[in-house]
Amino acid sequence: MNLFYVMNGRRLKRYFLICIGIVFAVGVVYAEKDNITVFAPQQPAAIYSIPTNKKIVALTFDISWGDKRAEPILTVLKEKKVGKATFFLSAPWSKSHPDIVKKIAASGFEIGSHGNKHDFYSSFSDEEIRNEIQTAHAILAEVTGKAPKLIRMPNGDFDKRVLRIADELGYKVIQWDTDSLDWMNMGTAKIINRVVGKVHPGDIVLMHASDSSKQTHEALPVIIDQLRAKGYEFVSVTDLISQTELQGKTVQDKTAMFDAAAGY
């Protein structure tokens, strides 16, 4: 009988120590949860901005149609000595306007993909999404001589499938925090005030260089001057991302963003 109680006492002690070890391990995991990625790998996410205290901002321009607005914007950027910006070009437009595309590239600006069909990719099948991204990739690589690594989805529309497929194809999906709403042609003063009033460190600004946006090139010089007066430096999206470890916002499935769709 004495032996029986000794054996059970040892077992109880062993179980007690095991429980203490489990509690300790759980405590360590909880305390270090922000640094542990093995157990919860990050899912692909769209990038709207980056967390930084540096006064850096990425000006971005979407182009899907027309040949009257892009070159005036390039002229403004040259005159204002802005050497870094990012242009998101649709594949059909790039194929139809290779000379303008080459001018953008020759000016040293970053070129990203704006997809192939200007449609809502979240409504496509996985195969269609992949085909649209790859078709645009091939055309832009041929026209520019360089394979793009950034993509802004047409209409700003995506869901988790789009993010996953873009990631599998080596793309980062780029959105924006500040929308100029320049496609509304609401007057240069309103475009200027909207951008300058909303910009923050690490921001990505959405503008358009399609023919539908008739006032962007008029508002742009003042936007540049006023942001510089506030101490901002202009960088490409890739430069922006490389400045800091990315800590993206919580990303949910996105439905169509009408303002972006209308501006092309």
Side-chain angles (χ1 to χ4, degrees), residues 56-118 132-154 156 171-172 174 176 178-180 182-183 185 188 191-192 195 204-225 227-228 232-242 260 262-264:
I56 49 177
V57 61
L59 301 178
T60 68
F61 303 88
D62 293 359
I63 310 180
S64 291
W65 70 280
D67 58 4
K68 293 180 173 59
R69 304 300 170 194
E71 294 193 71
I73 286 173
L74 291 175
T75 298
V76 170
L77 293 173
K78 181 178 179 180
E79 290 176 349
K80 291 296 180 180
K81 295 181 170 56
V82 175
K84 296 287 186 74
T86 302
F87 286 77
F88 290 96
L89 311 180
S90 78
W93 181 87
S94 299
K95 196 170 184 178
S96 299
H97 301 85
D99 292 342
I100 301 177
V101 175
K102 289 173 183 176
K103 285 182 181 179
I104 295 170
S107 297
F109 298 121
E110 181 172 48
I111 293 177
S113 173
H114 197 33
N116 188 43
K117 294 177 184 175
H118 204 283
E132 289 298 307
I133 294 175
Q134 289 179 320
T135 298
H137 182 92
I139 292 172
L140 285 168
E142 180 181 357
V143 175
T144 66
K146 186 176 181 181
K149 297 179 185 283
L150 307 177
I151 187 167
R152 174 170 286 156
M153 307 314 300
Y171 275 95
K172 286 183 171 66
I174 308 300
W176 58 86
T178 294
D179 186 348
S180 67
D182 54 354
W183 62 271
N185 298 309
T188 56
I191 295 171
I192 292 164
V195 173
I204 297 174
V205 179
L206 170 65
M207 289 184 279
H208 297 86
S210 291
D211 281 5
S212 55
S213 300
K214 301 175 182 179
Q215 299 166 338
T216 307
H217 68 288
E218 297 172 350
L220 188 57
V222 182
I223 289 171
I224 292 168
D225 287 345
L227 289 179
R228 273 190 174 142
Y232 279 96
E233 175 188 354
F234 301 104
V235 298
S236 69
V237 170
T238 294
D239 290 339
L240 189 73
I241 294 170
S242 69
Y264 296 96

Task: Counterpart residues, ring pair (Phe, Tyr, Trp, His ring centres under 6.0 Å), relative to Y232 (two or more places apart) - done: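 By the ring pair (Phe, Tyr, Trp, His ring centres under 6.0 Å) rule, Y232 matches no residue at all.
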
Do you know the tightest heavy-atom contact between [X] and [Y]?
X    : Y    : value
I191 : A219 : CG2-CB, 3.8 Å
A70  : I63  : CB-CD1, 4.0 Å
W183 : H208 : CD1-CE1, 4.0 Å
I174 : R152 : O-NE, 3.3 Å
F109 : A85  : CD2-N, 3.5 Å

Open item on the list: For the OG1 atom of T86 and the CG atom of D239, what is their distance to the nearest 0.5 Å?
Closed with: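 Reported to 0.5 Å precision, the distance equals 8.0 Å.
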
- [ ] Check whether any side-chain N or O of T75 sits under 3.5 Å from a backbone N or O of E71 as a donor-acceptor pair, and report yes or no.
- [x]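 Checking the backbone N and O of E71 against the side chain of T75, a donor-acceptor pair under 3.5 Å is found.
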
TODO: Under the salt bridge (charged side-chain N to carboxylate O under 4.0 Å, His left out) rule, collect the residues that match up with K214, sequence neighbours excluded.
DONE: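 For K214 there are no salt bridge (charged side-chain N to carboxylate O under 4.0 Å, His left out) partners, ignoring immediate neighbours.
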
- [ ] Taking salt bridge (charged side-chain N to carboxylate O under 4.0 Å, His left out) as the test, write out the residues that go with K80, two or more places apart.
- [x]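 Residues passing salt bridge (charged side-chain N to carboxylate O under 4.0 Å, His left out) with K80: D225.
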
Open item on the list: Can you confirm whether more than 12 heavy atoms, excluding those of E142, are under 6.0 Å from its CD atom?
Closed with: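 No, not enclosed.
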
Open item on the list: Is it the case that the side chains of N116 and T135 hold a donor-acceptor pair, with the cut-off being a distance below 3.5 Å and no angle test?
Closed with: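 Distance-only check fails for T135 and N116.
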
